Undergrad: 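Below is one structure. I have some questions about it.
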Amino acid sequence: MEPLLKITTVPMEYELTIQHARLEHGQSRPPVVEISRQRGGLNMRSRPARLLLDSYEARNSIIPSTRTAIYQNAQKGVRAAGEAAQSYSNEAAQMRWSRPGEGGEMLTEIFKQRMQMPTGQFQLAFLPSTGVDVTYQAGDLTTSYQADRLTFNLKLNNGDVQYIPGSVNIEITQYPDVLIEYMGSPVYVPPSASEFFTGEIVDTVA
């Protein structure tokens, strides 16, 4: 007796593409030398000597400035007021202690005292009373020297090396499958109906 079912197994099919890793070397170029120059130089900085003459105090002792003249006149005014107050006080004391009938004589004496020439010691002074203030600043010379400098830069271009990694590519062309085929003949119920089926298409409307 032959088997009624025929089972066929279809295996999977695929294509495998392998690309190995490699190194690619670029085109090499000749070496390049770059030269740069920085110029030096001689720098000199000089400062001449200076002589400073300050004659303010010397001129002020001969011809006082406005500020000094005001100050000196104010001091003289204070001294004159003090001397006048002292003189009037002495004259008032003389008049107070004078005897009756001696008033005229006392006034004459007071007028004589006022008319007297000033006495005392006179001081001889030289002008200007102070000298010129002299300040001296010495000269200065600063020198700096810097030599020329050359810079060499050598560039070697032997070509670029590029690394390309490997790869594996799998392409499936046929998936696995199972084919089941029925090898027997149809079974009709009732069996007498088999004579009506000869392989053609039957279109029957119930």
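What you see is a predicted model, and the numbers here were worked out from it, not measured in a lab. Quick note: residue numbers are just sequence positions, from 1.
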Undergrad: Name all residues meeting the salt bridge (charged side-chain N to carboxylate O under 4.0 Å, His left out) criterion together with Arg22; count only those two or more places apart in sequence or in a different chain, and write none if there are none.
TA: Glu24
Undergrad: For residues 13-21, dump all side-chain donor-acceptor pairs below 3.5 Å to protein atoms at least two apart in sequence or in another chain.
TA:
unit_1 : atom_1 : unit_2 : atom_2 : d
Gln19  : OE1    : Ser167 : OG     : 3.4

Undergrad: Roughly how far, to the nearest 0.5 Å, is CE of Met44 from OG1 of Thr143?
TA: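 Output value for this atom pair is 4.0 Å.
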Undergrad: State, with a plain yes or no, whether a side-chain heavy atom of Leu51 is found less than 4.5 Å away from one of Val134.
TA: yes
Undergrad: Holding to side-chain contact (heavy atoms from CB on, under 4.5 Å), I want the full list of residues that pass it with Thr8, two or more places apart in sequence or in another chain.
TA: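 For Thr8 the side-chain contact (heavy atoms from CB on, under 4.5 Å) partners, ignoring immediate neighbours, are Lys6, Leu179.
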Undergrad: Can you list everything that forms a salt bridge (charged side-chain N to carboxylate O under 4.0 Å, His left out) with Asp140? Sequence neighbours excluded, please.
TA: none
Undergrad: For residues Thr151 and Asn153, determine if any side-chain heavy atom of one lies less than 4.5 Å from a side-chain heavy atom of the other.
TA: no
Undergrad: How would you list, by chain and number, every residue that makes a salt bridge (charged side-chain N to carboxylate O under 4.0 Å, His left out) with Arg79, sequence neighbours excluded?
TA: none
Undergrad: Working to the nearest 0.5 angstrom, can you tell me the gap between Leu23 CG and Tyr163 OH?
TA: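 Output value for this atom pair is 7.5 Å.
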Undergrad: What residues form a side-chain contact (heavy atoms from CB on, under 4.5 Å) with Gln137, not counting sequence neighbours?
TA: Arg50, Leu52
Undergrad: So, the side chain of Asp148 versus the backbone of Gly40: is there a donor-acceptor pair under 3.5 Å, distance only?
TA: yes
Undergrad: Flag yes if more than 12 heavy atoms outside Gln86 fall under 6.0 Å of its CD atom; otherwise flag no.
TA: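 It does not: Gln86 CD has 12 such atoms or fewer within range.
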Undergrad: Rounded to the nearest 0.5 Å, how far apart are OG of Ser144 and CD of Gln146?
TA: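 Between Ser144 OG and Gln146 CD, I get 8.5 Å after rounding to 0.5 Å.
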Undergrad: Might you work through the side-chain contact (heavy atoms from CB on, under 4.5 Å) test for Ile7 and Val178, ending with a clear yes or no?
TA: CA-CA 7 Å; Ile7 301 175; Val178 177; 3.7 Å; yes
Undergrad: Should Val78 and Ile70 be regarded as members of a common hydrophobic cluster, given that ILVMFWY residues are connected when their side-chain heavy atoms come within less than 4.5 Å of each other, either directly or indirectly?
TA: no
Undergrad: Do Met12 and Val10 land in one hydrophobic cluster if side-chain heavy atoms of ILVMFWY residues count as linked below 4.5 Å?
TA: no
